[in-house]
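A short write-up of the structure that comes next.
In the text below, chain A, chain B and the rest are named by the order of the sequence lines, each starting its count at 1.
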2 protein chains.
Amino acid sequence: MPKRVDHAQRRAHIADALVRVAARDGLHAVTMRAVAAEAGMSLNLVQYYFDTKAQLVHSALLHLEHQSHERWAARLESLNDPETARACLEAFVAEAVPTDEASRAFRLVWTSYAVLAMTDPELAEQPFIEGPNRLERQLTEVLARAQKAGRIAAHLDVSIEATRLLSLSHGVGTSVLVGQRSATQALEVMHYHLARLFSDPTPLEAP
Amino acid sequence: MPKRVDHAQRRAHIADALVRVAARDGLHAVTMRAVAAEAGMSLNLVQYYFDTKAQLVHSALLHLEHQSHERWAARLESLNDPETARACLEAFVAEAVPTDEASRAFRLVWTSYAVLAMTDPELAEQPFIEGPNRLERQLTEVLARAQKAGRIAAHLDVSIEATRLLSLSHGVGTSVLVGQRSATQALEVMHYHLARLFSDPTPLEAP
DNA sequence: GCCTTTACCGTACAGCGGTACTATAAAAAC
DNA sequence: GTTTTTATAGTACCGCTGTACGGTAAAGGC
């Protein structure tokens with residue numbers, strides 16, 4: 001069996017296992033042994049691919065961000081009319097709100113890491129500051145294009161609108177995860193937000 | 001020294017210590033010993049007032065919610081013109097965004113608990129569902145009054161607006177805590193949101 | 001064909017964390 | 001004044017967790 005093995009793939013496999021454990025039992029339940037069991041390998045192998053737990057945890061975070069990136073990029077590419085800002089923002093909302101189990105797991109683990117980062121600043125640097133900033137810039141661009149096209153009001157600050165969109169989605173996402181709201185209700189709120197953004201005077205669907 | 005002692009006060013003292021530890025080092029760093037040290041008492045006393053750690057953690061959460069309640073009520077009462085919805089919502093924003101150290105600590109610990117609750121549903125019940133729901137109802141009432149008074153547009157859904165306010169404040173609050181944004185920027189976003197709510201056509205302050 | 005490297009295993013060790021047990025003075029009860 | 005309760009202390013135990021150490025068999029290099 002000891003033939004040559006793809007380290008990157010093994011590490012990804014382990015990181016995935018960590019994310020599954022964290023999503024199921026919480027990040028506090030992530031232990032070397034639990035991750036090893038979830039990955040179907042021995043404790044020692046986890047140690048073999050990640051010298052220390054800190055490295056493992058950190059790598060899993062980067063892995064998570066990378067995955068999120070790919071999901072987002074894939075969804076953007078699968079848009080039939082990627083030109084319209086509305087479709088783009090709808091896609092963002094669909095991606096951001098924890099509807100299916102996968103996105104629920106992702107957002108749960110991500111938020112867990114965010115809480116960790118609040119008291120461990122060096123963990124935060126890249127993923128929690130640069131990541132969201134990049135997303136905000138993307139959204140800002142989309143909004144700016146829509147504004148130039150006259151689709152959203154000229155007096156709006158597209159940069160703040162991007163922040164508002166991102167922060168609101170994080171907020172409702174959290175409320176879904178703690179069980180205060182259903183994913184459907186969250187989507188309703190986000191669609192309402194988009195409707196207001198596009199100055200849609202239609203208040204609500206008829207009862 | 002063993003004279004009669006106010007248990008409720010002792011428990012509150014310990015809960016405060018727990019919150020301080022959690023705010024400084026994270027909820028994962030909260031141990032019986034750490035709390036005891038922070039509270040300036042022996043490990044055994046903490047055990048004496050809270051039989052088990054689960055009880056301690058749960059009690060501290062209730063304590064935190066109670067404190068938050070009182071802070072919010074106090075701020076509402078200190079309003080000079082509590083009738084106007086705008087003032088009320090400004091107060092909400094000022095309370096919700098982690099500006100000073102106290103509110104930063106509160107929001108950090110609260111969010112930590114929220115993450116715990118995501119994988120421990122019985123922890124969530126009262127504080128994370130009923131708490132925010134109550135706040136949302138309050139905000140909804142305020143908005144409904146403002147709407148009847150003609151201060152905000154008639155076609156808005158005051159209930160969703162309340163949700164939007166709360167969720168947005170949580171979202172930007174989190175972004176402040178992870179260091180992505182300053183509290184000032186967060187306040188800017190919230191004020192922008194209020195301005196849009198009140199259909200204030202003024203886009204931004206002049207540069 | 002030999003030796004090094006690589007992928008893996010089992011186990012052990014040390015530290016920490018929650019909990020339990022025993023003790024002890026001061027107050028309260030009677 | 002004795003007895004019981006109450007608030008406190010110290011300490012010990014056990015399980016879990018991260019990490020380290022020693023071993024092993026297959027593959028690859030030369």
Side-chain angles (χ1 to χ4, degrees), chain A residues 1-61 109 112-113 115-116 119-120 122-123, chain B residues 1-61 109 112-113 115-116 119-120 122-123:
Chain A
M1 298 152 183
K3 77 177 167 187
R4 217 47 171 273
V5 147
D6 182 359
H7 270 226
Q9 176 187 319
R10 277 283 205 273
R11 290 163 63 94
H13 177 68
I14 298 174
D16 278 331
L18 184 150
V19 171
R20 279 196 303 271
V21 173
R24 186 186 342 114
D25 306 323
L27 198 52
H28 61 271
V30 165
T31 128
M32 296 264 131
R33 286 166 177 85
V35 172
E38 178 73 29
M41 48 177 68
S42 82
L43 163 63
N44 220 311
L45 264 200
V46 177
Q47 254 189 281
Y48 181 69
Y49 288 106
F50 299 92
D51 274 6
T52 172
K53 185 190 179 183
Q55 277 183 36
L56 167 61
V57 168
H58 190 248
S59 291
L61 175 58
V109 179
S112 303
Y113 269 105
V115 166
L116 260 197
T119 51
D120 183 2
E122 49 186 309
L123 182 69
Chain B
M1 298 151 182
K3 75 176 166 186
R4 216 49 170 273
V5 147
D6 182 358
H7 270 225
Q9 176 188 320
R10 277 283 205 273
R11 290 164 64 94
H13 177 67
I14 297 174
D16 278 332
L18 185 150
V19 171
R20 279 196 303 271
V21 172
R24 186 185 346 113
D25 306 324
L27 198 52
H28 59 272
V30 164
T31 125
M32 296 264 130
R33 287 167 175 83
V35 172
E38 178 72 29
M41 48 177 68
S42 82
L43 162 62
N44 219 310
L45 264 199
V46 177
Q47 255 189 281
Y48 181 70
Y49 288 105
F50 299 93
D51 274 8
T52 173
K53 187 190 180 183
Q55 278 183 34
L56 166 61
V57 168
H58 189 249
S59 290
L61 174 58
V109 179
S112 304
Y113 270 105
V115 166
L116 259 197
T119 52
D120 183 2
E122 49 187 310
L123 182 69

remark   = Taking D:dA7, C:dA20, D:dA20 as options, the one with an atom nearest any side-chain atom of B:Gln47 is C:dA20
Within the sub-3.5 Å range, which N or O atoms of nucleotides 15-18 of chain D have a protein N or O partner, and how far apart are they?
from, atom 1, to, atom 2, distance (Å)
D:dG18, OP1, A:Lys53, NZ, 2.8
D:dG18, OP2, A:Thr31, OG1, 3.2
D:dG18, OP2, A:Met32, N, 3.0
D:dG18, N7, A:Arg33, NH1, 2.8
D:dG18, O6, A:Arg33, NH2, 3.0

Phosphate OP1/OP2 of D:dA7: any B:Arg10 side-chain N/O under 4.0 Å = no
key: Any side-chain heavy-atom pair of A:Phe50 and A:Val57 under 4.5 Å   = no
ask   = So, does A:Arg11 use its side chain to make a donor-acceptor pair with the main chain of A:Tyr49 at under 3.5 Å?
value = yes
task = Ignoring backbone atoms, test whether B:Ser42 places a side-chain nitrogen or oxygen under 4.0 Å from the OP1 or OP2 oxygen of D:dT8.
result = no
remark   = From CZ of A:Phe50 across to P of D:dT19 the rounded distance in Å is 13 Å
Rounded distance (Å) that lies between atom C1' of D:dA25 and atom CG of A:Leu45 = 14 Å
query = For A:Ser112 and A:Val115, what are the C-alpha separation, side-chain angles and deciding distance, and is it a side chain to side chain contact (heavy atoms under 4.5 Å, CB included)?
reply = CA-CA 5 Å; A:Ser112 303; A:Val115 166; 5.9 Å; no
task = Mind listing the closest non-hydrogen atom pair of A:Val21 and A:Ala34 along with its distance?
result = CG2-O, 4.0 Å
key: OP1 or OP2 of D:dT8 under 4.0 Å from side-chain N/O of B:Tyr48   = no
Distance-minimising heavy-atom pair for A:Met41 and A:Leu45 = SD-CB, 3.9 Å
Value in whole Å for how far the P atom of C:dA20 lies from CG of B:Asp51 = 8 Å
request  = Please check the phosphate of D:dA7 (OP1 and OP2 only) for any side-chain N or O of B:His7 closer than 4.0 Å.
outcome  = yes
ask   = Which atom pair, heavy atoms only, marks the closest approach of B:Val19 to B:Val109?
value = O-CG2, 3.7 Å
task = Check each residue of residues 13-24 of chain B for a non-hydrogen atom within less than 4.0 Å of any atom in DNA chain C, then write out the ones that pass by number, or none.
result = none
key: Side chains of B:His28 and A:Leu27 in contact at under 4.5 Å (non-hydrogen atoms)   = no
query = Okay, side chain of A:His13, backbone of A:Ala39: is any donor-acceptor separation there less than 3.5 Å?
reply = yes
remark   = From CD of B:Gln55 across to P of C:dA20 the rounded distance in Å is 11 Å
request  = Have a look at A:Tyr49 and say if it touches a base, only the backbone sugar-phosphate, or nothing, with a 4.0 Å heavy-atom cut-off.
outcome  = sugar-phosphate
query = Applying salt bridge (charged side-chain N to carboxylate O under 4.0 Å, His left out), which residue pairs with at least one partner in residues 20-46 of chain A are found, sequence neighbours left out?
reply = A:Arg20-A:Glu38, A:Arg24-A:Glu38
